[in-house]
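What you see below is based on every heavy atom in this structure, not just the backbone, and it leaves out hydrogens, waters and symmetry mates. Note that the structure is a prediction, hence the values are computed from the model and not measured. Indexing begins at 1, ligand by ligand and atom by atom, following the structure's order.
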Amino acid sequence: MTHNESSTPSPVDVLIIGAGPIGIELAVALKQADVNYIHVEAKQIGHTISWWPRNTNFFSTSERIAISGVPIQNNHQGRITGEDYLAYLRGIVEQFDLHVNSYETVTSIERHASHFSIQTESLTGPKTYTAHNVVMAKGDMDMPNLLNIPGEDLPHVTHYFGDPHTYFRKRLLVVGGRNSAVEATLRCWRAGAEVAISYRRKMFSDRVKEHIRPDLLAQIENGTITYYPETIPVEITPHHVVLQPVCEGQPIDEADPIIHPTDFVLLTTGYRADMRLYEMAGVNLESDRRIPQFELETMETNVPGLYVAGTTAAGMLQDRYRLFIENSHEHVVKIVKAITGRPPKRVGTIPARSYELALEKFDAN
Ligand SMILES: Cc1cc2nc3c(=O)[nH]c(=O)nc-3n(C[C@H](O)[C@H](O)[C@H](O)COP(=O)(O)OP(=O)(O)OC[C@H]3O[C@@H](n4cnc5c(N)ncnc54)[C@H](O)[C@@H]3O)c2cc1C
């Protein structure tokens, strides 16, 4: 019987939830250690990397996002795009012949005395698995941070920046002030859109990539891109957006709202994780960011046998993006050691290009 069949098989050693880069790196390590595991992915592998424009460059350099000791080579020695990285991940899955149950979503986890029972929804219907250990490698970008304002669900409003071409010779209002907002604003303007940007603060964050911040400021100064500093959208209609002037995030009552006519609205307000599987399994979620409680040495949560790997370890909301691919390789090391007693053969890039893994510097709080 295969593990894909719907009758309940005997427990496997590990079930991995999520096939982003860290889930895949863990699968390679478990396969190399001859651990009996099942890997379930709600969409296609690398899904989180697939929904931003494919030709967007990673800000991490390529050796930092390489996994399982397989180098990333290209013909320009610069940062790679999301498209390049998806091809790399497909190559990893093929090279190590990993079996990923894609388009299968884990919908519930239940802890029993000696194992977990896991329910999924696949393309062919519900399935049940049992496993001694579960690793959550489910990322932290399940859904957008909603503004909860009227009109946010209109068809010309999106939280996902898909393709600058969409906005050619159209009016676009971008809302936000971090990397994604600044990059989308510049790219859509260069693609021929008439772009305005609204941000709740006076100035864009210092953490915006240094090569794009001055570029945007220059366009604003030239008047080619319109900037509405210290404003928040309070209503979206099919024709315009109502922007409320604010001071330190608080509405200025006496200030008149700004009516900005636009064809499209891109809300780059960040994303958050769905923490319901953690709740079902009995994991303690700490602080308003709902960080799963886990041991730094092993990545095991307060629920014995349930581990966290990758960006999901940061909880529901990464307000300052502290966990990335490059500082999550060490999660794989810790989990494989905890489960098998031995470290994995290789994580990250090839040994000759290793950089310090910030094991002791990792701060879960
Ligand atoms: C524009 C942009 C640029 C970025 N640039 C960088 C960069 O330069 N460097 C960097 O390190 N990071 C970057 N990131 C973030 C990067 O996407 C994450 O760091 C990386 O994807 C995290 O890997 P992960 O394996 O922890 O989780 P993810 O890649 O998010 O993988 C989690 C997987 O779990 C699946 N999943 C979720 N719930 C379930 C479920 N219930 N059942 C089954 N499967 C489930 C998801 O479909 C997903 O495929 C960028 C993100 C964006 C949007």
Side-chain angles (χ1 to χ4, degrees), residues 15-28 38-67 72 78-86 89 92-93 100-109 118-122 127 129 134-144 159-162 176 178-184 187 208-209 212 268-281 299 308-315 318 321-332 335 347-348:
L15 186 137
I16 310 171
I17 304 175
I22 300 304
I24 294 174
E25 185 160 51
L26 177 67
V28 172
I38 292 175
H39 198 173
V40 182
E41 163 55 52
K43 302 277 179 9
Q44 185 48 278
I45 66 153
H47 174 65
T48 305
I49 294 133
S50 70
W51 49 255
W52 24 291
R54 295 282 175 89
N55 59 0
T56 305
N57 283 323
F58 272 80
F59 59 79
S60 301
T61 51
S62 54
E63 70 281 4
R64 290 181 174 252
I65 55 175
I67 59 172
I72 294 177
R79 288 172 167 79
I80 63 165
T81 63
E83 182 78 78
D84 295 330
Y85 196 56
L86 288 174
L89 292 180
I92 296 278
V93 169
V100 183
N101 293 359
S102 48
Y103 302 102
E104 183 170 346
T105 306
V106 174
T107 50
S108 81
I109 303 178
I118 300 108
Q119 311 286 331
T120 69
E121 195 58 52
S122 76
K127 291 183 177 173
Y129 302 100
V134 170
V135 182
M136 298 270 208
K138 61 186 281 312
D140 64 348
M141 295 192 186
D142 292 308
M143 55 198 136
H159 294 82
Y160 296 93
F161 177 38
R178 296 191 180 179
N179 271 312
S180 326
V182 172
E183 186 161 345
R187 289 181 65 177
V208 172
K209 294 174 212 169
I212 57 172
T268 55
T269 46
Y271 304 92
R272 62 179 54 212
D274 181 343
M275 302 304 283
R276 281 176 299 180
L277 290 179
Y278 286 101
E279 288 166 3
M280 289 175 199
M299 305 305 287
V308 285
T311 50
T312 189
Q318 285 212 59
Y321 289 98
R322 294 160 309 117
L323 274 180
F324 302 98
I325 299 165
E326 63 201 56
N327 56 5
S328 295
H329 302 299
E330 64 195 46
H331 303 174
V332 174
I335 293 169
V347 296

(request) Only counting residues at least two apart or in another chain, list the ones meeting side-chain contact (heavy atoms from CB on, under 4.5 Å) with Ala184. (result)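 Listed in chain order: Phe161, Leu266.
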(request) Could you list the residues that satisfy ring-ring contact (aromatic ring centres under 6.0 Å, His included) with Tyr103, not counting sequence neighbours? (result)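 In terms of ring-ring contact (aromatic ring centres under 6.0 Å, His included), with neighbours along the sequence ignored, Tyr103 is linked to no residue.
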(message) Testing the 3.5 Å rule here: is there a donor-acceptor pair between the side chains of Tyr271 and Thr48?
(response)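 Tyr271 vs Thr48: no donor-acceptor pair found between side chains.
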(message) If we count only N and O atoms by modelled type, under 3.5 Å, do the side chains of Glu121 and Thr105 hold a donor and an acceptor together?
(response)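 No.
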May I have every N or O pair linking ligand 1 to the protein at under 3.5 Å, one per line with atom names and distance?
residue  : atom   : partner : partner atom : Å
ligand 1 : 8 (O)  : Phe59   : N            : 2.7
ligand 1 : 8 (O)  : Ser60   : N            : 3.0
ligand 1 : 8 (O)  : Ser60   : OG           : 3.4
ligand 1 : 9 (N)  : Ser60   : OG           : 2.7
ligand 1 : 11 (O) : Ile325  : N            : 2.9
ligand 1 : 25 (O) : Pro21   : N            : 3.4
ligand 1 : 25 (O) : Ile22   : N            : 3.0
ligand 1 : 26 (O) : Thr311  : N            : 3.0
ligand 1 : 26 (O) : Thr311  : OG1          : 3.1
ligand 1 : 30 (O) : Thr48   : OG1          : 2.6
ligand 1 : 41 (N) : Val106  : O            : 3.1
ligand 1 : 42 (N) : Val106  : N            : 3.0
ligand 1 : 44 (N) : Ala42   : N            : 3.0
ligand 1 : 47 (O) : Glu41   : OE2          : 2.6
ligand 1 : 49 (O) : Glu41   : OE1          : 2.7
ligand 1 : 49 (O) : Glu41   : OE2          : 3.0

(message) Could you work out, with salt bridge (Lys or Arg N to Asp or Glu O under 4.0 Å) as the rule, every residue matching Arg187, not counting sequence neighbours?
(response)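 Here the qualifying residues are Glu183.
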(message) With rounding to the nearest 0.5 angstrom, report the CD to CD1 distance, Glu63 to Ile72.
(response)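 With rounding to 0.5 Å, CD (Glu63) is 8.5 Å from CD1 (Ile72).
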